[in-house]
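Convention: sequence-line order gives letters A, B, ...; per-chain numbering from 1.
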Amino acid sequence: MAPKDTAISLTFPDGNARSFEAGVTAGDVAASISTSLRKKAISATVNGAHYDLAWPIEEDASIAIHTMADEEQANELVRHDLAHIMARAVQEIWPDTKVTIGPVIENGWYYDFDRAEPFTPEDLGLIEKKMKEIINKRDPVRTEVWDRARAIKHYEDNGEPYKVELIEAIPGDEPLRMYWHGDWQDLCRGPHLQHTGQVPGDAFKLMSIAGAYWRGDSDRAMLQRIYGVAFTGKEKLRAHLNMLEEAAKRDHRKLGREMDLYHMQEEAPGQVFWHPNGWTIYTTLQDYMRRKQRAGGYREINTPQVVNRKLWEASGHWEKYQEHMFIVEVEEEHAAEKAVNALKPMNCPCHVQVFNQGLKSYRDLPLRLAEFGACTRYEPSGALHGIMRVRGFTQDDAHIFCTEDQIEAECAKFINFLADIYDDLGFEKFEIKFATRPEKRVGSDESWDHVEGALEAAIKATGREFTLEPGDGAFYGPKLDFYLTDAIGRVWQCGTFQVDPNLPERLGATYIGEDGAKHRPYMLHRACLGSFERFIGILIENSAGKLPFWLAPRQVVVASIISDANDYVEDVVAALQAACVRAEADVRNEKINYKVREHSVAKVPIILAVGAREVEDRTVTVRRLGEKQTKVEALADVTETLGRDATPPDLL
RNA sequence: GCUGCUGUAGCUCAGAGGUAGAGCACUCCCUUGGUAAGGGAGAGGUCGAGAGUUCAAUUCUCUCCAGCAGCACCA
C-alpha cells in the first residue's frame, strides 16, 4: 500500500479496484489496461462526472472508460469538439470574427459569432470544408487551468470582449479551464476528445444560420448563430436527415394546403380562413369538447369580443399587455372623449363578470364556467407560425370558481378529464410540469404551501408522474402545464391548470359563505386543447394528415369506374350519409387510377370503387388509405362498419 | 420586435435591364377505363405595394407589407 496522500483506489464498472498514483489521468488508466483501449478511449465517467482523459484524478473514485461505442458520451464529445472546430474554422477564414459561446444541443451544437458581414449559405460549405481539414490534421487537444486575471488579460489582448464578459459573469473566483484545439484556443469547461482526428469527419453537417441575441437578451447585440448536427457515424447522420425530411412532409402548413383545410393571407396576418374541410375538423372537435364539458360538470357561456379598456385596467392586463392587444377606438356621439376598447385577449375577466352577476353562495361552488373563447392578441410578427401561433384563436377555456379546500379535488378531476380527452384524440402519453412559487410573488408562504400541496396531492391521486419547475409559477399562484409528444418526438404545451386568487381579488368576486359573510373565491384557469387552432395543427402533424376517422373531414369518396355505375354511386353515398358518414360521390369522367391517386393525395381515408360488378351484386370495393389491397364487401356491411367508425369516441 | 433569406399563374418553381415561361391544377373536346397521373385543345400573371435611378425596371437601389429560419415574446 502506498502512502495515503499519493495513492488512490479506482473502482471499475465490474467491481474490481486498482491502486494508482494520485493525479493519474483517465488516459493513463486506459493505457494501463491496454494500448488499444488507450487509442479507443474518448473520456471517462469519474464518480458520476464526465471527465476528460487528460484531467488528473486526486481521490478514490469509481471510473468507467468511454469509447465511441458509448453513444451518450460520444455524442456529447463529438458535438462539443465540433463546436470548437467550427469556431476555429470560422476564425481561420474570417480572422476578425469574434467568438462567443457554442454549446451542445439536441442532435448537434451551435456557435454564436459576432461578425460585421452576414454569413451566407455558401459560407457554410466553406466552413464545413475547413472543418474537415482541421479534423484531418489530427491536431492534439490540450487543456490547462488558468487563474481569472490571466484569462481575462489573454482575451483582452486577443480582442475577444465576449469572452472577457463571460469570465466576469462566472461566479466565484475559481481558476478557469482553457482548451486548445491545435493552436486555436477557447475558454471551456470540457471535457474534450484527445485530438481533432477523433471526430468522425463524415457524420456532421452545418444546417443553418440565424440571428440570436447575446446572452438571450433582446436589448443586447444580435449575433450570428450557426447550427450543426453531428453523430457518431454517418448512418446516424443520414437517419437524422431523413427524419427531418419526414417532419417536413408532416408540416401542417403543407398538409393544410394539400388537404384544403384553411388558408391565411396578407390582409389578416396570423388569422385563419377555415375552408369547409378544416372547419369540419374544427366543429367536430368542438362538438366533442362541448359534450365532454357538459358531462364534466361545466356550464357553457359566451362573452363579448370588444371590451372597454376599463375592464382591462381593472384586471391589470392593460398595464402589462397593452402592446399586445388590438385596440378599437370608437368616436361615440356626444361623448367627451373616444371610447377605447380592446379585442379580448383572454376570457378570464369576462368570466368574473358573469360570476359577479347576482349573489353567489358557497352552495354554488365549485362553479365551472366554460367558453369556447375567441381571443385576439397582437402577437409579435416573428412569433407567428401557421395555425400553431396565431393572432386570432379560440381557447377551450374554463374557469372554476371554488374555495381553497376544493382546489385539490378540482385539480384531480381536471387531470382525469384531460387525460380522457387526450386519449380519445390519439395521444396516449402526456407530460405534466408543475411550476411552483417564483421569487417575486404575492400571498403568504402558508397559503403557497397549502395550494402547492393541493396540486401535488391531486397529481399523486391520479397516479401520474410530473416534473417540478421550481420558480416557474405565476406571481399569484402555481400551475400545471400539460405537454403532448407528437409522432416524431416533438413536444407541445397544450393543457394548463392555474390557481389564481389574484383576479377575483382585483375584480371583486365574492360568495356568501356558510357563516353568512362574504368570502373571496379562488379562480382556476384551465384548458385542455389550449386553442383549437394550435391543437388542430398538432393533430395534423401528429397523424401526418391521416386523422382518426371520426375527425377526418372527408371520410369516404365513392368513385364510379364506369358511368353506368353513377346512379348506384349516389345510392351508396345516400346510404352512408344516412349512417352519419361524411361521404361524397366522384362520378367524373376520369379513370379509376386517376381518382384513387387524387383522393389518396388528399388523405381521404376510404375510397369505395364501384363498377359493373358492384352494381350487379350491391357491393362496394373498399380501399383504405395507405393500403394497396382492396376488399369487396356488401353495401349494408360497409355502411354499418363505417357508421360506427365515424362515431365520435364519447358516443360509442 | 431583432438578424438573415424569400415574394413571378391556384400550387411547385424557372427566367432576364427592352412589358414573361414549365409541370401540375382549372375549362372544353375525345376516351367508359378495375385501384396512385389516358390523349388533345384552351384559358389564366399590373412579376407583393410604393418611391427612386434609367430612354426603358418585374429585373438595380430605398421604404413598406407578408412569408420562412432562428432569437426574443407567448396573460
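- Taking only distance into account, the side chain of A:Tyr213 never meets the base of B:G70 through a donor-acceptor pair shorter than 3.5 Å.
- With sequence neighbours excluded, no residue satisfies salt bridge (Lys or Arg N to Asp or Glu O under 4.0 Å) with A:Arg582.
- Looking at which nucleotide of RNA chain B each of A:Pro118 and A:Asp251 is closest to, the 5′-most match is held by A:Pro118.
- A heavy atom lying under 4.0 Å from RNA chain B marks the following residues of residues 300-324 of chain A, by number: A:His317, A:Tyr321, A:His324.
- Between the C1' atom of B:U32 and the CG atom of A:Asn593 lies a distance of 13 Å, rounded to the nearest Å.
- Contact between the side-chain N/O atoms of A:Arg389 and the OP1/OP2 oxygens of B:C73 is not found at any separation under 4.0 Å.
- Distance A:His599 NE2 to B:A25 P: 13 Å, rounded to the nearest Å.
- Side chain A:Ser563 to base B:U32: a donor-acceptor pair is found below 3.5 Å.
- A side chain to side chain donor-acceptor pair (under 3.5 Å) with A:Arg368 holds for exactly one of A:Glu410, A:Gln293, A:Glu300; it is A:Glu410.
- Here B:C74 presents its C1' atom at 9 Å from CZ of A:Phe393, a figure rounded to the nearest Å.
- Rounded to an integer number of Å, the gap from A:Asp114 CG to B:U3 C1' is 12 Å.
- What separates NZ of A:Lys595 from C1' of B:A37 is a distance of 14 Å, to the nearest Å.
- Checked by distance alone, A:Arg220 brings no side-chain donor or acceptor within 3.5 Å of a matching partner on the base of B:A72.
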Which pairs would a plain distance check flag for residues 248-258 of chain A, meaning a side-chain donor or acceptor within less than 3.5 Å of a matching protein atom at least two apart in sequence or in another chain?
{"unit_1": "A:Lys249", "atom_1": "NZ", "unit_2": "A:Glu246", "atom_2": "OE2", "d": "3.0"}
{"unit_1": "A:Arg250", "atom_1": "NH1", "unit_2": "A:Glu541", "atom_2": "O", "d": "2.8"}
{"unit_1": "A:Arg250", "atom_1": "NH1", "unit_2": "A:Asn542", "atom_2": "O", "d": "3.0"}
{"unit_1": "A:Asp251", "atom_1": "OD1", "unit_2": "A:Arg253", "atom_2": "N", "d": "2.8"}
{"unit_1": "A:Asp251", "atom_1": "OD1", "unit_2": "A:Arg253", "atom_2": "NE", "d": "3.0"}
{"unit_1": "A:Asp251", "atom_1": "OD2", "unit_2": "A:Arg253", "atom_2": "NE", "d": "3.3"}
{"unit_1": "A:Asp251", "atom_1": "OD2", "unit_2": "A:Arg253", "atom_2": "NH2", "d": "2.6"}
{"unit_1": "A:His252", "atom_1": "ND1", "unit_2": "A:Glu541", "atom_2": "OE2", "d": "2.8"}
{"unit_1": "A:His252", "atom_1": "NE2", "unit_2": "A:Ile387", "atom_2": "N", "d": "2.9"}
{"unit_1": "A:Lys254", "atom_1": "NZ", "unit_2": "A:Glu258", "atom_2": "OE2", "d": "3.1"}

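- Within 4.0 Å (heavy atoms only), A:Arg253 reaches sugar-phosphate atoms of the nucleic acid but no base atom.
- The distance from atom CE of A:Met325 to atom P of B:C74 is 14 Å, rounded to the nearest whole Å.
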